[in-house]
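A, B, ... follow the sequence lines: proteins, then strands. Residue 1 opens every chain.
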Amino acid sequence: MGLSRRSFLAAVAGAPAAAVLARPGAARGRLSAAALPRIANSDVALLDPEHSCILSESLRGFVECLRASGIEFKKVQADAIGFCKLLVVPGAIFQSSQLAEVLRDCAAIGATVLYESGAAYAAPEAFAAEQRLLNHYFHVAIGPHLELWPGSKAVNPSPRELYVRYTWPDETYIRDFSRIVLVTAHRGSTIAALGATPVACMTEVHCGRFIFLGSPIGPHLLAGDRGAATWLQSLLAA
Amino acid sequence: VKKSIGDNLIPHGWSFEQGLDLIKKAGYDGVELWLGDVPWFQMSTPDAAVLGLLRQVENAGLVVSNVSTGLHWETPLSARDPQVRARATRIVERQLETAQLLNTDAILVVAGLVTEEVPYNEVYVRCVAVLQELGEKAAQAKVRIGCENCNSEQKFLLSPREFQTFLDDVKRPYVGLHLDVGNIHDTGFAEQWVEINGPHITRIHLKDVKKHRGRCGHESVYTNLFLGDNNWPAIRTALTKVGYDGWLVAEMEDRYSYAKDQQFYDTAAGIDRFVSGRL
């Protein structure tokens, strides 16, 4: 079919309620008709994952960077996400299937969901839930998190790779964030790696896409990291 | 000006009471208590026991000059892990609480630690944010947080102008500088730190330094007063110029190998000479 993504987005933007009602699980729990998503005026929405946020400074990083870049965005809660071009989910972890379902449905109707995992800083049982739900809803398999600086002190005697190399949407280098979540399998494309180890990927979800970041960039945004800001701006333009 | 010395210098094997007796006899007015660095004052020490320490200090004819800690070297406020940061914040809160119990109005905090792992900009924003929060609590407690300049070890806030900018960014009157005149090494001059940050100085650590860059392996670059490269007349003049008349707290790293109590007497005499201006 010769329908461009842009045309499709324009079409679905007029019918978010239908899209939501059609999604599995819409009739149960918090995703009931009472919580139908509103159409956001902005192309960018920033989800405040509240209790699902492991890295609160990551949320602040995205807020500050978007503000500094003059990009309009709306801060939303999981039960009131409107249609948007880009939905950013900072420093999060799937504590239940609810958030995963919401994100999958957002992607399905055309959004790009940027999911920054905070799982490396979660307790083991929460990490296991993250593994299961990512695999179930997005076909992204993650391995155990990797501690990059075991027993780090003021001086680390062994030099090692410090930068994660992002290859999409542009080539950018952003420092690691001490712990990374390894991407072991996915159905899309690897977009970032530390050395040869994949740490981020992008998968298609019907009309949209789901981007998984296993190495947080939000804290770097808060610290004013130029590479991280450039990467986010490139993503908005992609 | 009053003289103090840290309880972490009390010779190993001595009791707190014996140490206080020595400090008094050596001529000090007060004692700096190190949370977490000595067996009698730990994070787990309950309030009642802290009040017991205060009684011992008062019975010895001393007062508590300030509450310090070395715990932030292992548990930095600038850590990436939110749980570590929470523990680090709790340490400062406990310092504030115990300072109130001990009738003193200043604590020492090592505010941030730049490492190869955690870069400068991250440390900076985290420290500003957490000190803004803690600065509010400090104001309520009426206890000043003195961020120590550990230039060489912290790799953070390396110049006096940087430190001034940092305090301006924190913008909390109860957050200032605990100046260690020995920590500056060859990255600057203590008297210039005094002049630039004078009104923000909460306490002063006194020690001398051999101005090598950083440390030389395990060999300490810190030494007793007048044995190193500090310009003591200039430091004294700068302190007079900014009107500092608070505590001078001796902090020795190199310890006497023998006659350990003698170091307390010698250091007290050195401070007296410094204060008198007969240099």
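If you take CZ on A:Phe177 and CZ on B:Arg80, they are separated by 5.0 Å, rounding to the nearest 0.5 Å. In this structure, CG on B:Asp81 lies 4.5 Å from CZ on A:Arg179, to the nearest 0.5 angstrom.
What you find for A:Arg175 and B:Pro119 is that their closest heavy atoms are NE-CG, 3.7 Å. In plain terms, the two heavy atoms of A:Ile54 and B:Pro82 that are nearest each other are O-CG, 3.7 Å.
Sparse packing is recorded around OH of A:Tyr163, with 12 or fewer heavy atoms of other residues, nucleotides or ligands lying under 6.0 Å away. More than 12 heavy atoms of other residues, nucleotides or ligands sit less than 6.0 Å from atom CZ of B:Arg255. In the displayed structure, B:Phe41 atom CZ is contacted under 6.0 Å by more than 12 heavy atoms of other residues, nucleotides or ligands. Residue A:Arg187 places its CZ atom among 12 or fewer non-hydrogen atoms of other residues, nucleotides or ligands, all under 6.0 Å distant. Open room surrounds CD on B:Gln83; 12 or fewer heavy atoms of other groups in view lie less than 6.0 Å from it.
A salt bridge links B:Arg85 with A:Glu57; the closest basic N to acidic carboxylate O contact falls under 4.0 Å.
With sequence neighbours left out, the side chain to side chain donor-acceptor pair (under 3.5 Å) criterion links A:Gln131 to no other residue.
Contact annotation for B:Gln154: neither backbone nor side-chain heavy atoms come within less than 4.5 Å of a heavy atom of chain A. Residue contact with chain B, scored on non-hydrogen atoms closer than 4.5 Å, involves the backbone and the side chain of A:Asp176 alike.
Using a 4.5 Å heavy-atom cut-off against chain A, the contacting residues of residues 123-132 of chain B are B:Val125, B:Arg126, B:Ala129.
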